[in-house]
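Notes follow the structure.
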Amino acid sequence: MTTFASGTDTLTRDALTVLQPGFPGTTAPDWLLRRLGEGLASVGLFGRNIASPEQLSSLTAQLRAERDDVLVAIDEEGGDVTRLEVRTGSSFPGNHALGAVDDVDLTREVAHELGRRLAACGVNLNWAPSADVNSNPSNPVIGVRSFGADPELVARHTAAYVTGLQAAGVAACTKHFPGHGDTAVDSHHALPRIDAESSVLERRELLPFRAAIAAGTRAVMSAHILVPTLDPDHPATLSPHILTDLLRGRLGYDGLIVTDAIEMQAIAATYGIERGSVIAIAAGADALCVGGGLADDETVRRLRDALVSAVRAGELPEERLAEAAERVRGLARWAASASASVSDEDVAPAADVTRVDIGLVAARRALTVTASDRFTPLTEPSYVALLTPVANIAVGDETPWGVGVELTRMLPGTETGSFAGEAAGDAVLEAAGARRVVAVVRDEHRHPWMASALDTLLAARPDTVVVEMGIPQAAPRGALHIATHGAARVCGQAAAEVIAGA
């Protein structure tokens, strides 16, 4: 068992226990190992920490050598948001693709296989799934991370995902409570606001979270959003009305409540991370996610000291901090037990689907293909034009996307270029020359310049193939239009197969 460093008092240990910090590099720095010995109970992993499954396994073993019950968390949604395969793209389609198929058994199998791979690398807490109902098609941060715009569909797939993931011994963290789908602002940058009546929230936003709780989700992540109907003064992460009265009281949830990253501007720019952390724990949160942006010992020290000082000043009840720390330890105990007892047969894939290809099978089933009489499969090298919007922070810009890699494998000589802005259409035509154009877009409906570029391309080259890898809100157009419902690597592979007639 873990031996805590001498001289670390209970209050300080509890303050460290509620933190879920990140760190730089692919090995654990000395300061992180020292903090684990002092009481830190959780660590968050991001793409910067992962080079390969083997390296990740070594890293988690290094952490457990210091504290055997450490919670190792990751933001691995599959689809567009992947940390496990950040440099190649995910082997699993994301939520929107799974929602488009609408087969809860498939969703459960995909989540189980993703969980199995995480568990094999020593990860036991996944900050997923997103239970947000993407009711606002202009949402800049949720989009394909959501199962869809229908609350009942989102609810049944959220429950299936939770069940599949946890059957693999990995705790699910359902997010972003009370629902981030009806926003037009990214909480990484500012504080979004949802002006919906209680009756709307009840039948839309809350339905998937009720399903997740019924399915036994071990954790719930709060959203940095203002919902005046529920609390006119505080964002959900800092609201006792939302975290304690609603989530704990009305919804009857007794698991771990984790905040979204506390350094996001919706909190940091308004309250500061120290004050925000104290208010969040006082409001009912049990763990503070930090480290996507701030990933150093100084941040851990600042937050630890802020919590300790708040208790000593009477601003944060000591019993509330102790309760939060015990919930973290309780989840660690569950994770250790689940890891020891999980069986590979708990959620077995369908007889005709191997573990290796379940993600590709799901991606193929998720395609919506609209072909005109002008379309013939590509047999010669083409030009793939990525009409590339600015990536939101959750997705990041380091993960490759599109269909170019797979088309190049099928049609050697295929080239890919990235374009943006008002002159994108003309620039694509010049770069493509006489080659067939495959235009790949993400959320055409949200980007006027992207729609204009497609206008230019299709006017000059009616045989252009259009691949929509975001929300397929705009009408299909092109000689062939493929909606993949996400930009995971397997989504691109499935689309390339159709384009090349494979």
Side-chain angles (χ1 to χ4, degrees), residues 127 129-143 145-152 154-155 158 173-213 217 219-253 255-272 275-289 392-394:
W127 294 317
S130 167
D132 306 297
V133 178
N134 198 58
S135 55
N136 184 347
S138 296
N139 195 309
V141 67
I142 301 301
R145 301 167 67 196
S146 166
F147 289 110
D150 176 5
E152 293 187 357
V154 175
T158 296
C173 181
T174 306
K175 60 188 183 185
H176 307 80
F177 188 81
H180 206 313
D182 189 21
T183 62
V185 173
D186 184 345
S187 52
H188 291 90
H189 302 298
L191 179 63
R193 176 184 176 117
I194 294 181
D195 289 302
E197 296 298 324
S198 297
S199 59
V200 174
L201 296 172
E202 186 67 36
R203 67 175 181 265
R204 189 179 65 185
E205 272 73 16
L206 297 185
L207 191 66
F209 288 97
R210 288 186 182 276
I213 292 168
T217 187
V220 168
M221 178 176 283
S222 66
H224 302 329
I225 57 174
L226 188 67
V227 188
T229 300
L230 301 177
D231 187 332
D233 301 316
H234 301 96
T237 291
L238 310 184
S239 170
H241 297 301
I242 294 175
L243 298 187
T244 299
D245 298 343
L246 175 57
L247 182 54
R248 295 263 185 239
R250 280 179 47 204
L251 272 60
Y253 176 66
L256 189 78
I257 299 176
V258 185
T259 71
D260 206 345
I262 207 72
E263 73 265 41
M264 290 164 62
Q265 290 303 297
I267 301 298
T270 309
Y271 297 87
R275 185 64 184 155
S277 295
V278 169
I279 298 173
I281 297 295
D286 303 306
L288 301 164
C289 174
N392 70 60
I393 292 176

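Quick note: numbers below take in every heavy atom, side chains included, and nothing from hydrogens, waters or symmetry partners. Numbering starts at 1 and runs along the sequence shown.
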From the list I281, I257, T259, side chain to side chain contact (heavy atoms under 4.5 Å, CB included) partner of D286 resolves to I257
For [X], which residues count as a side-chain hydrogen bond (donor to acceptor under 3.5 Å, both in side chains) partner, sequence neighbours excluded?
X: D245; value: H241
X: S222; value: T237
X: S130; value: D132

What I'd like to find out is whether the side chain of [X] reaches to under 4.5 Å of the side chain of [Y], using heavy atoms alone.
X: P192; Y: H180; answer: yes
X: E205; Y: V227; answer: no
X: Y271; Y: P235; answer: yes
X: F177; Y: L251; answer: yes
X: T183; Y: I194; answer: yes

Using only atom types and a distance under 3.5 Å, with no angle test, would you say the side chain of [X] pairs donor to acceptor with the backbone of [Y]?
X: N134; Y: G143; answer: yes
X: D182; Y: S135; answer: no
X: K175; Y: W127; answer: yes

Exercise for the section: Kindly indicate, with the supporting measurements, whether the criterion side chain to side chain contact (heavy atoms under 4.5 Å, CB included) is fulfilled by I225 and H176. Expected result: CA-CA 9 Å; I225 57 174; H176 307 80; over 6 Å; no
Minimum-distance pair of heavy atoms, taken over all atoms of [X] and [Y]:
X: A196; Y: T229; result: O-OG1, 2.6 Å
X: L191; Y: A266; result: CA-CB, 3.9 Å
X: L230; Y: P178; result: CD1-CG, 4.1 Å
X: P208; Y: T158; result: O-CG2, 4.0 Å
X: A236; Y: A223; result: CB-O, 3.2 Å
X: R248; Y: T244; result: CB-O, 3.0 Å

Pairs satisfying salt bridge (Lys or Arg N to Asp or Glu O under 4.0 Å), at least one member in residues 227-244, at least two apart: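 Checked against salt bridge (Lys or Arg N to Asp or Glu O under 4.0 Å) - neighbours excluded - no pair reaches residues 227-244.
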| query | Does E152 have any salt bridge (charged side-chain N to carboxylate O under 4.0 Å, His left out) partners at least two apart in sequence or in another chain, and if so, which? | reply |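 Expected list: none.
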### Query
Between atom CG of L246 and atom OG of S239, what is the distance when rounded to the nearest 0.5 Å?
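That separation rounds to 8.5 Å.
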Item checked: Lys/Arg N to Asp/Glu carboxylate O, R203 vs E197, below 4.0 Å ->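 Looking at E197 together with R203, the answer is no, because their closest N to O distance does not fall below 4.0 Å.
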**Study point:** Pair I213-L247, side chain to side chain contact (heavy atoms under 4.5 Å, CB included): steps then yes or no
**Key:** CA-CA 10 Å; I213 292 168; L247 182 54; 4.0 Å; yes
| Qualifying residues under side chain to side chain contact (heavy atoms under 4.5 Å, CB included), relative to S277, sequence neighbours excluded |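 For S277 the side chain to side chain contact (heavy atoms under 4.5 Å, CB included) partners, ignoring immediate neighbours, are I262, L288, L303.
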